[in-house]
Amino acid sequence: MYFSDEIILITTDDSGTDEIGRQTETETGRVTVYGNIKSVSREESFTAGSHGYSNVQKFVLHPWDYSGEKYAMVDGKRKLIYRTYQTDPDTLELYAATKRGIT
């Protein structure tokens with residue numbers, strides 16, 4: 001499989017708190033990997049939408065390129081990785097979307 005799309009995986013640390021005690025999230029690193037960007041099924045889009053997600057995309061890449069990162073960025077748009085699925089030993093699907101109401 002030829003992976004030609006650039007995907008930036010973003011690592012975060014959410015162990016900090018702000019001045020009033022709310023949990024904060026700090027970006028700790030980025031790594032660029034190559035994969036394929038695919039559209040999702042109607043069912044996947046509907047299910048994600050019912051959980052408050054929009055603009056759902058599927059990223060297909062090698063499992064050894066993914067280390068549990070929480071976010072992915074494609075075309076300058078940051079998305080939350082909400083689900084992963086390993087289809088075979090050499091292929092991992094990441095499902096990512098934006099959360100409605102949060103910019």
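In what follows, every heavy atom counts, from backbone to side chain, and hydrogens, waters and symmetry copies are set aside. None of the values given here were measured: they were computed from a predicted structure.
- For the atom pair CG (Asn55) and OG1 (Thr98), the distance works out to 4.0 Å, reported to the nearest 0.5 Å.
- To the nearest 0.5 Å, the span separating CG on Asp18 from CD on Gln23 amounts to 10.0 Å.
- Residues Pro89 and Pro63 come closest through the heavy atom pair O-CG, 3.3 Å.
- Within the 4.5 Å cutoff, the side chain of Leu80 has no heavy atoms near those of the Lys99 side chain.
- Remark: Asp75 CG is loosely packed, at most 12 non-hydrogen atoms of other residues, nucleotides or ligands lying under 6.0 Å away.
- Taking the charged nitrogens against the carboxylate oxygens, Glu44 and Arg83 do have a contact shorter than 4.0 Å, which makes a salt bridge.
- Under a hydrophobic clustering in which Ile, Leu, Val, Met, Phe, Trp and Tyr are joined whenever their side-chain heavy atoms come within less than 4.5 Å, directly or via other members, Leu94 and Val40 fall into different clusters.
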- Message: Checking Lys77 against Gln57 for the side-chain contact (heavy atoms from CB on, under 4.5 Å) test, could you report, in this order, the C-alpha distance in whole Å, the side-chain angles of both residues, the deciding distance, and whether it holds?
- Response: CA-CA 11 Å; Lys77 296 177 183 153; Gln57 287 183 306; over 6 Å; no
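- Rounded to the nearest 0.5 angstrom, Leu61 CG and Tyr66 OH are separated by 9.0 Å.
- For the pair Thr87 and Glu93, the minimum side-chain heavy-atom distance is below 4.5 Å.
- Between Leu92 atom CG and Trp64 atom CH2 the span is 10.5 Å, to the nearest 0.5 Å.
- A distance of 13.5 Å separates CG of Leu9 from OH of Tyr71, quoted to the nearest 0.5 Å.
- Residues Ile8 and Val56 share a hydrophobic cluster, clusters being chains of Ile/Leu/Val/Met/Phe/Trp/Tyr side chains in contact below 4.5 Å.
- Looking at every heavy atom in both residues, Ser39 comes nearest to Lys58 through O-CE, 4.0 Å.
- For the pair Glu69/Val31, a side-chain contact is recorded, criterion being any heavy-atom separation below 4.5 Å from C-beta on.
- Tracing side-chain contacts under 4.5 Å through hydrophobic residues (I, L, V, M, F, W, Y), one never reaches Val33 starting from Ile10; they form parts of separate clusters.
- Of the possible polar contacts, none joining the Thr11 side chain to the Thr28 backbone as a donor-acceptor pair under 3.5 Å is found.
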- Before giving the answer on side-chain contact (heavy atoms from CB on, under 4.5 Å), spell out for Ile37 and Val74 the whole-Å C-alpha distance, their side-chain angles and the decisive distance to 0.1 Å. CA-CA 9 Å; Ile37 300 171; Val74 174; 3.3 Å; yes
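- Both tests do not hold together for Lys38 against Phe59: distance to the six-membered ring centre under 6.0 Å, angle to the ring axis within 45°.
- Aromatic rings of Phe3 and His62 (six-membered ring for Trp) have centroids within the 6.0 Å cut-off, being under it.
- Between the CG atom of Asp13 and the NZ atom of Lys70 there is a distance of 10.5 Å, given to the nearest 0.5 Å.
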